There are 2 protein chains.
Amino acid sequence: MKPRTAPPEQRRTALLDAAAELVLAKGISGFTVEDVTNAAQVAKGTFYLYFRSKEQLVRALRERFINDLVARQRAALRRLPADDWPGRLRRWMELSLRGYLAHAELHDALFQHDGDAAESATGHPADPAHNGHAAELAEIIQAGSESGAFALTDPSLAVVLLYNTMHGTADYLVERSRGGALSKAETNRVIAELLKLCERYTETSREAPLRSEGAR
Amino acid sequence: MKPRTAPPEQRRTALLDAAAELVLAKGISGFTVEDVTNAAQVAKGTFYLYFRSKEQLVRALRERFINDLVARQRAALRRLPADDWPGRLRRWMELSLRGYLAHAELHDALFQHDGDAAESATGHPADPAHNGHAAELAEIIQAGSESGAFALTDPSLAVVLLYNTMHGTADYLVERSRGGALSKAETNRVIAELLKLCERYTETSREAPLRSEGAR
DNA sequence: ACCTGAACACCGTTCAAGT
DNA sequence: ACCTGAACACCGTTCAAGT
């Protein structure tokens, strides 16, 4: 009584979609594998034909989240002049933050702190080798440093710092947006501050070299 | 056959200690409540006289971790001149990073990403209102801004950015230290870079105003 | 009052049997 | 080949009974 075996990749996607919705509704430890198979209209055991475990499913969800974000950003960045590195950096920062915020609930539910000590495939740490999102930033910082746009002695360390600044700040905004509305004005202020940090740290703001200074 | 009912606060601590060891050995989802009660020499049910659930136990462990860190830092900061805000900021950053690193495994196991959507009491987000550790930083930034040591238009936003930069960077180092040794030299380089970011962002490095510049 | 541990409920995972 | 769902194993949590 299975009308027509669905194409396998499509079935996998259906399971992922169902899981994403459930994560939003009940949190990671709040939904069961059976919930997922019910929503996807397959038997419980079928789940294990597509995923090794519930935990691996969650990892796949995180990967998909990151990949989607990276794809959207790449598209937006492609339209910028290729050699304006400070501009690309600013845009990457803003897009990342807004991207996280736009999918705040899912991001929140997926990357909540808690849980397991298992190896963390797509885990946070800003290691460009393990994180496609951080890899984008690394490219910008690297190229911008080589072209002399950024005054950084160690570009790959700078990536670590800046990635984490962005990511943590996004977490913070997501958190604030939960109870009660997060005003657009506030979001903009945070983004402006983030960009200021980037500029000062990379010493990009050189172009306007004098700015009068009140003593002490 | 219970020789002498132990003082209750002491029993709670015994359970926490046992749990901390188990978290290190097996990870949060790797140990059972029974493991804890066995290690603490009490019956399984006794656990629920002291904690509402396994999850609440984990939260208590996180709280204890943060509190210990804060206490150690406060002691170290007390010995600095009270009005050298850039110095205090630098020291806070360095102590935080080294503090996390010194207890890397436990930090790692406790704050691993994964798990539940339940409310996050001691959660990361750099909101000084909810995080005693970030509150320390907030005090430094606030006082330093008022005294004119830092050039920040919005000190409380700066706290958010800087706290996350530090925390994420610590996570990164913890991660790196896992497989293979993390050299002292590398740790020092990261700390130096972190301090540089702080100085540039807060515009503390004014004292040495000229630094020759290669054009473009 | 505080502690015990058997019993319960729930869910992740497996597997023999179907098409 | 792919799917099914009953059965199993494992734990978190509860509770009636002890001291």
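Source: prediction; values computed, not measured. Chain naming here is simple, since letters A, B, ... match the order of the sequence lines and numbering starts at 1 in each.
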Hey, can you tell me if A/Tyr163 and A/His133 have their rings parallel, tilted or perpendicular (30° and 60° cut-offs)?
perpendicular
Aromatic plane relationship, A/Phe65 with A/His103 - under 30° parallel, 30 to 60° tilted, over 60° perpendicular:
perpendicular
Before you tell me yes or no, could you show the steps for A/Lys196 and B/Thr153 under side-chain hydrogen bond (donor to acceptor under 3.5 Å, both in side chains), namely the whole-Å CA-CA distance, both residues' side-chain angles and the distance that decides it to 0.1 Å?
CA-CA 10 Å; A/Lys196 185 200 282 183; B/Thr153 41; 2.7 Å; yes
Are the side chain of [X] and the backbone of [Y] linked by a donor-acceptor contact shorter than 3.5 Å?
| X | Y | result |
| --- | --- | --- |
| A/Arg90 | A/Leu195 | no |
| A/Thr204 | A/Arg200 | no |
| B/Lys44 | B/Asp35 | no |

Secondary structure of DNA chain D in dot-bracket form (Watson-Crick or G-U wobble, distances below 3.5 Å, | marking inter-strand pairs)
||.|||||...|||||.||
Rounded interatomic separation in angstrom, taking [atom1] from [X] and [atom2] from [N]:
| X | N | atom1 | atom2 | result |
| --- | --- | --- | --- | --- |
| A/Tyr50 | D/dT4 | OH | P | 9 Å |
| B/Gln41 | C/dG5 | CD | C1' | 16 Å |
| B/Phe47 | D/dC15 | CZ | C1' | 17 Å |
| B/Leu49 | D/dC15 | CG | P | 13 Å |
| B/Arg52 | D/dT14 | CZ | C1' | 15 Å |
| A/Arg11 | D/dC3 | CZ | C1' | 8 Å |
| A/Glu34 | D/dG5 | CD | C1' | 9 Å |
| B/Gln56 | D/dG12 | CD | C1' | 14 Å |

With a 6.0 Å cut-off on the ring centroids, do A/His167 and B/His167 count as close?
no
Candidate pair A/Asp154 and A/Ser156, rule side-chain hydrogen bond (donor to acceptor under 3.5 Å, both in side chains), full reasoning:
CA-CA 6 Å; A/Asp154 190 332; A/Ser156 55; 3.1 Å; yes
Quick test: give all pairs of protein nitrogen or oxygen and nucleotides 9-11 of chain D nitrogen or oxygen below 3.5 Å, distance rounded to 0.1 Å.
none

Distance in Å, A/Glu139 CD paired with A/Ile141 CD1, rounded so as to fall on 0.5 Å steps
11.5 Å
Among D/dG12, C/dT13, C/dC3, the one nearest B/Tyr48 by side-chain distance
D/dG12
